[in-house]
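Chain letters run A, B, ... following the sequence lines, proteins first and then strands; every chain starts at 1.
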Amino acid sequence: MDEPPLPNLRKRLGRRFFSAPTADVARRLLGKYLLRKLDSGQWIGGKIVETEAYLHSNDSASHSYRGLTRRNAAMFSPPGVVYVYTIHAKHCMNFSTERGGVGAAVLIRALEPIWGIDEMQRKREKSDLRKLASGPAMLCQSLSIDLTHNAIDLETIDWLAIIAGKKISPTEIIATSRIGISRATELPLRFLISGSLFASRPAKKSL
DNA sequence: AAAAAGATGTGCT
DNA sequence: GCACATCTTTTTC
C-alpha cells in the first residue's frame with residue numbers, strides 16, 4: 001500500500017486541547033489525525049472529516065441531558081477521556097470535553113482512511129474506502145474500538161492518539177444539524193470538511 | 001420484571 | 001427511500 005509516513009506520534013493532543021468549549025473542539029478536530037495502535041504494533045487510522053458536539057446544558061439530544069448515569073459517566077470525565085456507547089448493537093466513540101466535570105463530548109463521525117487501509121478493509125469486510133469509516137459505528141469497527149475502551153484517557157494510554165495535521169480554514173468547515181437525533185435538531189452542532197468524500201452524508205449548504 | 005428507545009448500518013426495492 | 005436486525009441502557013409498570 002502506498003501510505004504516507006505516520007505523523008509525529010510524540011505530538012499528541014491531550015487535556016489542554018479538549019478543555020475548550022465543546023463546539024469549538026468539534027470544529028478544531030476536523031483535519032486532525034486519529035490513530036490507533038493494534039496489538040501487532042501497526043498504527044492505523046486517518047483524518048477526521050466529520051464530528052458532532054454534544055453539550056452539557058440546553059442540549060436535549062445529549063446523553064448527559066438527564067444527568068450522570070453509569071453509561072454516560074465518561075462524558076463527565078476530564079477532557080480527553082474516551083466515551084464509547086452502544087447503539088443498535090454497534091459502538092460509537094467520543095472524547096470528553098471541558099473541565100469541571102460537566103457532561104460534554106464530541107462524537108467522531110467519520111474518518112478519511114489513510115494508514116492501515118488493508119486492516120480496516122479486513123475488519124469491515126468491505127473494500128470501498130468510502131464504506132470503511134463514513135459513520136460513527138463503521139469508524140469504531142475499522143479501528144476495533146468497543147465498550148472495553150470506554151473511559152480510557154488519551155493522557156495515560158499510548159495506543160490511541162490524536163495529532164494535528166494541516167490547518168483547516170474556517171471557510172472549509174460546514175455546520176449542519178446533527179444526524180439521527182429527534183430532539184434539539186435545530187442546533188448546528190455537526191461539523192464536516194466541505195467536499196469530503198468520506199462524510200457519513202454529503203453537506204447540503206456551505207456556511 | 002418488562003418494555004421501549006436509540007448520537008446506526010445494511011440490504012432490498 | 002424504507003424496513004429491520006440487534007443489544008445496551010433507561011424508563012416504566
Problem - Whether A:Tyr54 stacks on the six-membered ring of B:dA7 base, 5.5 Å and 30° limits - result: yes

Practice task
Just compare C:dT9, B:dA7, B:dT10 and give me whichever is closest to any side-chain atom of A:Arg124.
Solution key: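 In terms of side-chain proximity for A:Arg124, the closest of C:dT9, B:dA7, B:dT10 is B:dT10.
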
Practice task
Choose from C:dT8, C:dT10, B:dG9 the nucleotide whose nearest atom is closest to any side-chain atom of A:Met138.
Solution key: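 So the nucleotide nearest the side chain must be B:dG9.
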
Please measure how far the [atom1] atom in [N] lies from the corresponding atom in [M], and state the result in whole Å.
{"N": "C:dT10", "M": "B:dG9", "atom1": "C1'", "result": "23 Å"}
{"N": "C:dT8", "M": "B:dG11", "atom1": "C1'", "result": "24 Å"}
{"N": "C:dT12", "M": "B:dA7", "atom1": "P", "result": "16 Å"}

Expressed in angstrom and rounded to an integer, what is the separation of [X] atom [atom1] from [N] atom [atom2]?
{"X": "A:Arg201", "N": "B:dT8", "atom1": "CZ", "atom2": "P", "answer": "10 Å"}
{"X": "A:Asp146", "N": "C:dT6", "atom1": "CG", "atom2": "C1'", "answer": "16 Å"}
{"X": "A:His88", "N": "B:dA5", "atom1": "NE2", "atom2": "P", "answer": "11 Å"}
{"X": "A:Leu192", "N": "B:dA7", "atom1": "CG", "atom2": "P", "answer": "19 Å"}
{"X": "A:Leu68", "N": "C:dT10", "atom1": "CG", "atom2": "C1'", "answer": "14 Å"}
{"X": "A:Arg71", "N": "B:dG6", "atom1": "CZ", "atom2": "C1'", "answer": "7 Å"}
{"X": "A:Asp128", "N": "B:dT10", "atom1": "CG", "atom2": "C1'", "answer": "14 Å"}
{"X": "A:Arg183", "N": "C:dT10", "atom1": "CZ", "atom2": "C1'", "answer": "12 Å"}

Using a 4.0 Å heavy-atom cut-off across all strands, classify [X] as base, sugar-phosphate, or nothing.
{"X": "A:Ile179", "answer": "sugar-phosphate"}
{"X": "A:Ile87", "answer": "base"}
{"X": "A:Met93", "answer": "nothing"}
{"X": "A:Ala137", "answer": "sugar-phosphate"}

Phosphate OP1/OP2 of [N]: any [X] side-chain N/O under 4.0 Å:
{"X": "A:Arg178", "N": "B:dT8", "value": "no"}
{"X": "A:Arg190", "N": "B:dA7", "value": "no"}
{"X": "A:His63", "N": "B:dA7", "value": "yes"}
{"X": "A:Arg66", "N": "C:dT9", "value": "no"}

Completion exercise
When A:Tyr83 and A:Lys126 are each assigned the nearest nucleotide of DNA chain B, the 5'-most assignment goes to A:Tyr83

Completion exercise
Checking N1-N3 plus N6-O4 or O6-N4 for Watson-Crick, or N1-O2 and O6-N3 for wobble, each under 3.5 Å, the partner of B:dA7 is none

Fill in the blank from the handout: Paired to C:dT6 by Watson-Crick or G-U wobble criteria (both distances under 3.5 Å) is none

Problem - Any side-chain heavy-atom pair of A:Ser144 and A:Lys123 under 4.5 Å - result: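 In short, these two side chains touch, coming nearer than 4.5 Å.
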
Handout entry: pair A:Trp159-A:Leu38: side-chain heavy atoms closer than 4.5 Å
Key = no

Handout entry: Check ion pair A:Glu52-A:Arg109 (N to O, under 4.0 angstrom)
Key = yes

Handout entry: Result of checking A:Tyr85, A:Tyr83, A:Tyr54 against A:His63 for side chain to side chain donor-acceptor pair (under 3.5 Å)
Key = A:Tyr83

Problem - Gap between atom CZ of A:Arg124 and atom CE of A:Met138 - 0.5 Å precision - result: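 These two atoms lie 5.0 Å from each other.
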
Exercise for the section: First locate atom CG of A:Leu107, then atom CD1 of A:Ile179, and finally report the distance between them rounded to the nearest 0.5 Å. Expected result: 10.5 Å

